[in-house]
Amino acid sequence: MDIVIIGGGLAAAKAAAALRENGHDGALTIVGDEDRLPYERPPLSKDVLLGEAPLDDATVQPQEWYDEHDVRLVTGVAAERLDVEAHRVHLADGQVVPYDKAVLATGARPAVPDSIAGGADAYFLRNAADVERLTAAFADASSVIVVGGGWIGLEVAAAARHHDLSTTVVLRGDVPLASVMGERLGRYFADVHTSHGVTLRTGERVDAVTARTVRLGGGEVLEADVVVLGVGATPNVELAEAAGLLVDDGVVTDEHFATSHPDVHAIGDVASTLHTGRGEAVRVEHWDDAVRQGEAVASVLLGHDAAYDWEPYFFTDQYDLGMEYVGHGSGDDDVVVRGELDDGAGDGEFIVFWQRDGVVTAAMNVNIWDVQDDLRALVGQEVSAERLADPNVELADLA
């Protein structure tokens, strides 16, 4: 069985590694449009942008690994057409890669809303080229504006303050992260950033941006040396769509990562995958899902019964705040805090649970470590808010 993986990111690298480690001995090709080895993305907005680690540290495996495991790695070349009937991938340089099974891991790109004129002229942080460009810009800058108050936007803001740059975050809502965290925790993250010198412009509509300016809905123009647009991501579905695969906010797959064509699977940021526990499609743009889905699709291709049945997980580091989150909560859920929120410095220790109708939908540990297994076990469980909040009840005893 010849397998081609389209996409050169973490999910692709993990799928290839799991295939070889578990006995696949057919041809195995990875096609990536970036001219570099597959790498992990979380370090880009953390250690790399902070200047605390080189970009090469984010590489998943060295070139020697691909050579030793007979994985053909085609980098710097885009896949232009997926012919699902002929089982061939046509590349931009004229190469044609035949396959028995194909895996789409084409990822996502920064969202540039039509409502924001000139959005493509701003800085972004999604790939290696972005972080190289942004790092160089930070070195010559004294001020930064970040449009967007999500995870990437806030991590960029924290990195900008680490470099002692005057930093403003412009967001449409009243607090950052409200759709995920809710008002109370959104306000907490707002306080963390303002306590570190970030100016928050909330409730603002952005009409236009350039690399140095932001025009607000009321006509005011903000200026800075660097403008970063971080308002979400758009899945790269064009290849799948042109091939006739079912697409709906990502490439639609069943719980075993199979698309509407049985010989094509999809994983990672581009995949909208049926979650067995939720009974609905979920598209998750996080490191953990890239790793797990890569390993799981390899198991499926090797004839095993792997399925998408785990809870999403992600983490962030901002200033002195380190956080892990598991589950799929909503800003409308009930919030239960175990411990005390600090005064906004971000150096406190506490755990947060989100509940809907008494059932835990998500949990987050802040500056408390080695509790993720216990928190993951609680997601989907019905536990009283009083017990969740009681520090005298061990986490392991709550499930």
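Being a predicted model, the structure only gives us computed values, none of them experimental.
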Below 4.0 angstrom, N of the basic side chain to O of the carboxylate: do [X] and [Y] qualify?
X: Arg41; Y: Glu155; value: no
X: Arg109; Y: Glu238; value: yes
X: Arg356; Y: Asp333; value: yes
X: Asp269; Y: Arg126; value: yes
X: Asp191; Y: Arg187; value: no
X: Lys46; Y: Asp317; value: no
X: Asp207; Y: Arg205; value: yes
X: Glu220; Y: Arg201; value: yes

Should we count [atom1] of [X] as having more than 12 external heavy atoms under 6.0 Å?
X: Asp397; atom1: CG; value: yes
X: Asp93; atom1: CG; value: yes
X: Glu394; atom1: CD; value: no

Tell me which pairs pass ring pair (Phe, Tyr, Trp, His ring centres under 6.0 Å) where either residue lies in residues 125-160, with sequence neighbours left out.
Phe138-His163, Trp151-Phe189, Trp151-Phe314

Mind checking whether [X] and [Y] have side chains closer than 4.5 Å, heavy atoms only?
X: Leu239; Y: Leu104; result: yes
X: Leu19; Y: Leu28; result: yes
X: Leu177; Y: Leu154; result: yes

Specify the closest pair of heavy atoms between [X] and [Y], including all atoms of both residues, with the distance to one decimal.
X: Met181; Y: Val335; value: O-CG2, 4.1 Å
X: Leu73; Y: Pro38; value: CD2-CD, 4.0 Å
X: Ile30; Y: Ala12; value: CD1-O, 4.0 Å
X: Val360; Y: Leu378; value: CB-O, 3.3 Å
X: Leu82; Y: Val89; value: CD1-CG2, 3.9 Å
X: Ala233; Y: Ala108; value: CB-CB, 4.0 Å

Is the distance between the ring centroids of His256 and Tyr308 less than 6.0 Å?
no

Quick one: are the ring centres of His87 and His261 less than 6.0 Å apart?
yes

Is there a donor-acceptor contact under 3.5 Å from the side chain of [X] to the main chain of [Y]?
X: His275; Y: Arg278; answer: yes
X: Arg184; Y: Tyr188; answer: no
X: Asp343; Y: Ala345; answer: yes
X: Thr59; Y: Asp56; answer: yes
X: Asp47; Y: Glu52; answer: no
X: Ser260; Y: Leu246; answer: yes

When you check the side-chain N and O atoms of [X] and [Y], is any donor under 3.5 Å from an acceptor?
X: Gln372; Y: Asn365; answer: yes
X: Tyr319; Y: His193; answer: yes
X: Thr210; Y: Asp121; answer: no
X: His69; Y: Glu21; answer: no
X: Thr259; Y: Thr253; answer: no
X: Asp334; Y: Gln355; answer: no

Regarding Arg338 and the six-membered ring of Phe350, is the cationic atom NZ or CZ under 6.0 Å from the ring centre and inside 45° of its axis?
no

Measure the spacing between OH of Tyr99 and CG of Asp263 and express it to the nearest 0.5 Å.
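Tyr99 atom OH to Asp263 atom CG measures 7.0 Å (nearest 0.5 Å).
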
So Tyr313 and Phe315, would you call those rings parallel, tilted or perpendicular, with 30° and 60° as cut-offs?
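Ring orientation, 0 to 90° scale: tilted.
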
